[in-house]
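I have placed the structure first, in the form of structure tokens, so that the comments after it can refer back to it.
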Protein chains: 2
Amino acid sequence: MPKEDTLEKEPKERILEAGALLFATKGYAAVGVREIAELAGVNVAMISYYFSGKAGILKEIILRYFDEVKGIYDKVLAQNIEPEIALKTIVKELVNLMKKKTIFCKVAITEMPFNLPEFMEFKAEVARRHIDYIKQGLQLIKLFVDDNRYNSIITPAAISLIFSHFLFGPFIQKVWNVELDENYYNLYSETISTLLLEGLTGLIKKLNNKGETK
Amino acid sequence: MPKEDTLEKEPKERILEAGALLFATKGYAAVGVREIAELAGVNVAMISYYFSGKAGILKEIILRYFDEVKGIYDKVLAQNIEPEIALKTIVKELVNLMKKKTIFCKVAITEMPFNLPEFMEFKAEVARRHIDYIKQGLQLIKLFVDDNRYNSIITPAAISLIFSHFLFGPFIQKVWNVELDENYYNLYSETISTLLLEGLTGLIKKLNNKGETK
DNA sequence: TTATTAATCAAACGATTGTTTAATTTTTGA
DNA sequence: TCAAAAATTAAACAATCGTTTGATTAATAA
């Protein structure tokens with residue numbers, strides 16, 4: 001019987017999913033390897049066997065997430081479409097990604113135990129990559145402000161804006177009691193796109209006016 | 001000799017500050033009580049003595065932060081000033097608060113170990129309070145969209161936007177190499193205000209147009 | 001079929017977790 | 001000055017931490 005026929009996924013994948021779920025809800029440091037193993041239905045030793053330790057699970061999650069993000073940027077920016085539509089498309093694709101793999105994305109974005117020395121350079125590399133995508137994107141869609149200080153403000157602002165719904169997590173449901181169906185996420189990506197687009201164009205207009213009157 | 005004369009602060013306050021610093025850099029779950037005690041220069045038992053446990057430190061931090069935020073909202077909204085200026089003022093005051101008490105704010109905003117049962121209701125209460133302020137604020141400054149679904153998108157978006165700089169933490173310095181002086185934070189609150197204001201007015205305008213043409 | 005490799009397991013490793021205890025010192029107020 | 005209260009301490013608590021070991025089972029290939 002080939003493994004593809006079994007309903008259950010491979011142990012390695014089950015560990016990864018269990019880890020993601022637990023990291024997302026309790027935070028990386030608060031989760032024990034035994035808890036992960038139990039949820040994944042495997043022996044504790046399997047974690048070290050497949051991921052060479054607890055930290056390996058998180059690394060894998062982050063790497064996979066950034067691969068997906070890179071795919072989105074590459075795809076949209078290769079089309080060379082109108083700035084506004086490109087931005088909207090990127091936001092929509094990112095939201096789709098998060099909707100489809102909420103837990104993985106949440107962990108990859110929020111869980112970064114930078115205190116662990118081994119994670120320091122790993123995180124720096126991965127963060128720079130992500131930010132480079134954003135920079136490329138904003139440049140291509142002509143919403144790029146060529147100023148290091150502004151970029152250090154705008155880029156985190158844009159990321160936070162796009163991911164705000166997922167940063168708040170289960171709160172959203174609990175506080176506003178909205179139904180998180182497909183319509184909702186369409187409305188979400190529409191609204192966030194508008195906020196970001198109007199905000200950025202407004203900011204750039206203001207900066208240009210300032211430059212003229214000076 | 002009265003205690004006010006001693007240069008060192010009270011042990012309780014030292015514990016609180018050490019806890020905040022460590023929570024901010026390593027995350028709540030990753031910090032041990034012995035590490036906090038050592039940094040604070042007190043015995044481990046003092047933590048349970050003053051805060052009845054590690055969680056008590058975090059609770060105190062969060063409570064103090066929300067008191068400050070409440071103070072800002074109450075002060076600004078009582079003035080009954082122009083919507084745009086009110087928004088700008090609130091953003092500026094919030095940024096000032098974060099600049100002045102960066103570590104406390106970061107911990108209060110990001111560290112919420114909701115998995116701990118004892119924190120569940122505490123967090124719910126505190127979150128609702130914060131969101132109520134924002135709602136009041138947006139209503140008063142006429143940038144409020146009276147739709148539950150939109151609110152569940154806009155409110156987290158606004159909060160994420162305002163706090164984006166601190167959500168990214170030490171990254172900002174490392175990636176963009178900017179100097180985080182007073183000028184920088186002025187530029188930050190100016191830029192975030194503009195993004196938020198232009199984004200919200202743009203969104204509302206779009207919503208009104210949609211309503212007309214329908 | 002058999003030798004080899006991969007996968008899985010229970011058990012134990014030492015280290016560290018948050019909290020409590022009981023004794024001791026310091027401060028306070030009468 | 002002296003008893004009561006508050007503050008602080010070292011030590012020990014049981015529980016859990018992530019990882020490793022060595023044996024056992026399953027899969028693979030010759």
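In the text below, chain A, chain B and the rest are named by the order of the sequence lines, each starting its count at 1.
Checking C/dT20, D/dG18, C/dT8 against the side-chain heavy atoms of A/Pro11 singles out C/dT8 as nearest. Taking every side-chain heavy atom of A/Arg34 into account, C/dA12 is the closest of C/dT19, C/dA12, C/dT20. When each of D/dT8, C/dG18, D/dT19 is scored by its nearest atom to the side-chain atoms of B/Met46, the top-ranked nucleotide is D/dT8. Proximity note for B/Ala45 (side chain, C-beta onward) versus D/dT8, C/dT21, D/dT19: the nearest is C/dT21.
For A/Asn148, the CG atom counts as densely surrounded, since its 6.0 Å shell holds more than 12 non-hydrogen atoms of other residues, nucleotides or ligands.
Taking atom CZ of B/Arg14 as the reference point, atom P of D/dA7 lies 14 Å away to the nearest angstrom. Counting to the nearest Å, the C1' atom of C/dA7 and the CD1 atom of A/Ile15 are 11 Å from each other. The interatomic distance linking B/Lys26 (NZ) with C/dT17 (C1') rounds to 13 Å, in whole Å. Atom CD in A/Glu38 sits roughly 14 Å away from atom C1' in D/dT16 (whole-Å rounding). Here C/dT19 presents its P atom at 8 Å from NZ of B/Lys54, a figure rounded to the nearest Å. Between the C1' atom of C/dA7 and the CD atom of A/Glu10 lies a distance of 11 Å, rounded to the nearest Å. Taking atom CD1 of residue A/Ile47 and atom P of nucleotide C/dA7, one finds them 16 Å apart after rounding to whole Å.
Two residues, B/Gly32 and A/Gly41, neighbour DNA chain C, and the one matched to the more 5' nucleotide by heavy-atom proximity is A/Gly41.
Residues B/Tyr185 and B/Leu180 approach most closely at CE1-O, 3.7 Å, considering heavy atoms.
Here B/Tyr49 reaches the OP1 or OP2 of D/dA7: one of its side-chain N or O atoms lies under 4.0 Å away. Using a 4.0 Å cut-off, some side-chain N or O of B/Tyr50 falls inside it from OP1 or OP2 of D/dT8.
Put simply, the side chain of A/Asn43 and the base of C/dA7 share no donor and acceptor less than 3.5 Å apart.
Residues B/Arg64 and B/Glu60 are paired through a salt bridge, judged by an N-O separation under 4.0 Å between the basic side chain and the carboxylate. Look at A/Glu179 and B/Arg149 and you find no salt bridge, because none of the NZ, NE, NH1 or NH2 atoms lies under 4.0 Å from a carboxylate O.
With B/Phe51 as the aromatic partner, B/Lys12 meets the cation-pi criteria of under 6.0 angstrom to the ring centre and within 45 degrees of the ring axis.
In this structure, A/Ser160 contributes its side chain and A/Pro156 its backbone to a donor-acceptor pair below 3.5 Å.
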>> Does A/Phe23 form a ring pair (Phe, Tyr, Trp, His ring centres under 6.0 Å) with A/Tyr28? I'd like the steps, not just the answer.
In response: CA-CA 5 Å; A/Phe23 293 162; A/Tyr28 175 78; 5.0 Å; yes

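Where the helix from C/dT1-D/dA30 to C/dA30-D/dT1 starts and where it ends, the local axes point in directions that differ by 20°; five pairs per end, rounded to 10°.
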